[in-house]
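Below is one structure, written out as structure tokens, with a few remarks after it.
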Amino acid sequence: MCLIRLLQTLALAGLLGLIAPSVQAVEVGGIDFKGSGFLTLVAGSVLGSGAAQSASGYNCPCFISDYAEAGVYEKGGLQWQPDSKLGLQGTAAFNDSYSVTSQIVMRGASSENVDIEWLYGDIKFNDKLTLQVGRKRLPLFYYSESQDVGLSFPWVHLPPQLYGWEIVNYNGANLLYKDQWGDWSSGMNIFSGSESLKNSGYWKMYNGKNTRTDSHWSSILGGDLSLNNDWFETRLLYIQSDIQNTTPPALVFGNNTRQKIYGISFNVDYAQWVARSEFLYINRKESYGGDHAQLYGLGYRIGKLLPMVTYTNYRQSVIVDQTLAEAHSTTSLLLRYDLNTSSDIKLQYDHWQNHAQSPFFTTASPNTAVPIASANLLSVSYDKVF
Amino acid sequence: MFRALQSHRLYRCALVWLLLLPSSLLADELLVVTGEKSSLTALDKNQVRNIFLGKVSSLPDGSNAAPVDQPESSPLRDEFYEKLTHHSAAEAKAHWVKLSFTGRGAPPRESTSSSDTKRMVNSMPGAIGYIEKSELDSSVKVVFTVK
């Protein structure tokens, strides 16, 4: 009951931020409540004049923009559901050391009304060390934790070849540490927990739009380290966990199988140049094999305008038969314009290309299915934080 | 006639050069300031940058850092981030948005003007802000000059 009341109060604090931007903080009974939020509105359309064909229950050619939420742009007109979302965040600070934060997100792609993406308590030991306990985003990649907040990253949607995974949250604890070593500033995060996801959006794209698959990552243990020096930043990541799916898909995680995730990213913000790169390897040799993904992005700032080109690639390794392996890439052209420091508009063209030997995105028999070769998406977005 | 023409050309030439000059060269110098009673004496560029981007939370003396931004509409804010961080003010805000919605930090407080910045750095321990040189007075102490 107390938890429900706290959630309601925190959500209300976020709502206050939405309807009255000037009233974002209020003190009640010695507790400071702060509210904030974010909004992303996206309209996108799959381009091309060919006839649509059904694959996994979707009208294709189609473009997967958000694997975790089954955010898919299908053939046939303008769509807003896959990437549009509204988030509210509320924080109750009891003093300088203790606080509780909740973040709820309403999204067009989700069948649920509201998702609780963050709900955690914060214990600040000092200016360098903080313990957090509760539900959080899993820090898989550079922008994973802020994946719902469009203003925090350059693109309309995060590059799906890298950011598309079945589990993106965890329940557990993490320890944050930040410090300065000479000219380098550093941020370290060590975390542990688990996540059980009912009716995974990710597996609908493989098993069928109307199927239900539950995913379970347990014994999650990982850490990330960020190092920053003026115009250069690098980030290292390691995560290990056990995986289990209740309804095994074609490439099976029948019983608990171990995975090890390795990631590294390099970012440059020098003068007008903006460069982003990320590299991923997942060792899943106890199940099907492994996953490899890379991202390369280069942009040049012209005042408030950022033109940027991005290439992301995903390739799977399958031990038993490599012809079953999934492989695809996306090339994106982006124009971002900052309306002010709290809002932007973006225009993005994505070209998705299938490189696999076997059909991707279909549940039909491999002998009769027609491969979906490519898809083009044009999308425009408006992002705002308040 | 010839002399008048020459003078006119010189005037036009000077006007063109003036228009071509980067606006930052024409702007007032930016000063990073703290309260007059603060024990802080000087910061280097890296320290100021790291404090205003949330890379560190404390000042060199170990006390809690409380950065103060100019209002979003202020051109000083654009100039400050451009010169100090290789980011525009909008990119710096995007960076803070990434931290504040992921439990990794709270963005700088915002003043309403340079006068308000001077008031805030004197009313909060560990507070540092930035103002234009023409706003400098004895109520604040300069710890870094942004060039």
Side-chain angles (χ1 to χ4, degrees), chain A residues 34 36-38 87 89 91 96 101 103 118 120 122 124 126-128 130 132 136-137 139 142-146 148-149 151-154 174 176 178-180 182-187 189 226 228-231 268-274 301 303-304 306 338-344 383 385, chain B residues 22-23 43-66 69-75 77-78 80-110 112 124-126:
Chain A
K34 283 183 187 166
S36 54
F38 51 86
Q89 176 169 295
T91 297
D96 287 344
T101 298
Q103 191 183 110
W118 299 79
Y120 62 92
D122 222 305
K124 199 173 175 183
N126 53 47
D127 286 335
K128 294 179 179 176
T130 302
Q132 297 174 323
K136 297 191 74 190
R137 283 293 198 190
Y142 186 74
Y143 291 107
S144 285
E145 291 184 300
S146 65
D148 290 321
V149 192
L151 195 89
S152 71
F153 49 80
N174 70 298
L176 288 169
K178 58 181 173 183
D179 206 348
Q180 187 159 357
D183 289 343
W184 292 83
S185 59
S186 65
N189 182 26
S226 298
N228 178 279
N229 183 355
D230 197 7
W231 50 268
V268 169
D269 291 275
Y270 186 77
Q272 311 307 314
W273 292 98
V274 175
R301 265 197 302 128
K304 293 182 174 181
L306 175 68
D338 295 317
L339 296 169
N340 51 46
T341 55
S342 299
S343 62
D344 67 40
D383 299 306
V385 295
Chain B
S23 57
L43 292 170
D44 64 29
K45 185 180 178 182
N46 259 345
Q47 288 170 322
V48 177
R49 185 185 64 91
N50 287 340
I51 290 166
F52 275 87
L53 290 180
K55 307 284 185 187
V56 295
S57 306
S58 50
L59 296 171
D61 63 4
S63 62
N64 201 2
D69 255 334
Q70 290 277 345
E72 288 200 358
S73 55
S74 168
R77 184 155 158 173
D78 284 322
F80 178 76
Y81 282 103
E82 288 280 357
K83 286 182 172 174
L84 203 74
T85 68
H86 298 293
H87 290 77
S88 65
E91 286 173 322
K93 176 70 176 271
H95 168 79
W96 271 112
V97 162
K98 186 173 182 287
L99 298 186
S100 61
F101 283 109
T102 61
R104 297 212 184 203
R109 290 172 175 83
E110 226 172 75
T112 55
M124 290 186 299

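No hydrogens, no waters, no symmetry mates; every other heavy atom, side chains included, goes into these values.
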**Asked** Relative to chain B, which of A:Leu339, A:Asn189, A:Val274 shows the most heavy atom pairs under 4.5 Å?
**Response**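 So the answer, after comparing A:Leu339, A:Asn189, A:Val274, is A:Asn189.
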**Asked** With respect to chain B, which residue among A:Asp122, A:Asp230, A:Asn340 yields the maximal number of heavy-atom pairs within a distance under 4.5 Å?
**Response**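 Of A:Asp122, A:Asp230, A:Asn340, A:Asp230 has the most heavy-atom pairs under 4.5 Å with chain B.
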Which atoms form the tightest heavy-atom contact between [X] and [Y], and what is the distance?
X: B:Val97; Y: A:Val149; value: CG1-CG1, 3.3 Å
X: A:Asn126; Y: A:Lys128; value: OD1-N, 2.8 Å
X: A:Ser36; Y: B:Phe101; value: OG-CE2, 3.5 Å
X: B:Phe52; Y: B:Trp96; value: O-NE1, 2.8 Å
X: A:Tyr120; Y: B:Thr102; value: OH-C, 4.3 Å

What part of [X] lies closer than 4.5 angstrom to a heavy atom of chain B: side chain, backbone, both or neither?
X: A:Tyr143; answer: both
X: A:Lys304; answer: neither
X: A:Asp338; answer: side chain
X: A:Pro154; answer: neither
X: A:Leu151; answer: both
X: A:Thr130; answer: neither
X: A:Gln103; answer: side chain
X: A:Asp96; answer: neither

**Item:** A:Asp148 bridged to A:Arg137 by N-O distance under 4.0 Å
**Value:**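 A:Arg137 and A:Asp148: salt-bridged.
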**Request:** Let me see the working for A:Ser185 and A:Lys178 under side-chain hydrogen bond (donor to acceptor under 3.5 Å, both in side chains), right down to the final yes or no.
**Result:** CA-CA 8 Å; A:Ser185 59; A:Lys178 58 181 173 183; over 6 Å; no
**Message:** Between B:Ser73 and chain A, with a heavy-atom cut-off of 4.5 Å, which part of the residue counts as in contact: side chain, backbone, both or neither?
**Reply:**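 When you check distances to chain A, no heavy atom of B:Ser73 falls under 4.5 Å.
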**Prompt:** How would you list, in number order, the residues of residues 59-66 of chain B that have a heavy atom less than 4.5 Å from chain A?
**Reply:**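 Listed by number: B:Gly62, B:Ser63, B:Asn64.
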**Message:** Let me confirm one number: the OH-CG distance from B:Tyr81 to B:Asp69, rounded to the nearest 0.5 Å.
**Reply:**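 Interatomic distance, B:Tyr81 OH to B:Asp69 CG, rounded to 0.5 Å: 3.5 Å.
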**Request:** Anything under 30° is parallel, anything over 60° is perpendicular, the rest tilted; go ahead and classify B:His95 against B:His87.
**Result:**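 Because their plane-to-plane angle lies in the 30° to 60° range, the rings of B:His95 and B:His87 count as tilted.
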**Message:** Test your reading of the model: is there a side-chain donor-acceptor pair from A:Gln180 to the backbone of B:Val56, 3.5 Å cut-off?
**Reply:**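 No; judged by distance alone, with no hydrogens or angles, the pair does not exist.
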**Prompt:** Can you tell me if B:Arg49 uses its side chain to pair, donor with acceptor, with the backbone of B:Thr85 under 3.5 Å?
**Reply:**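 Such a contact is absent between B:Arg49 side chain and B:Thr85 backbone.
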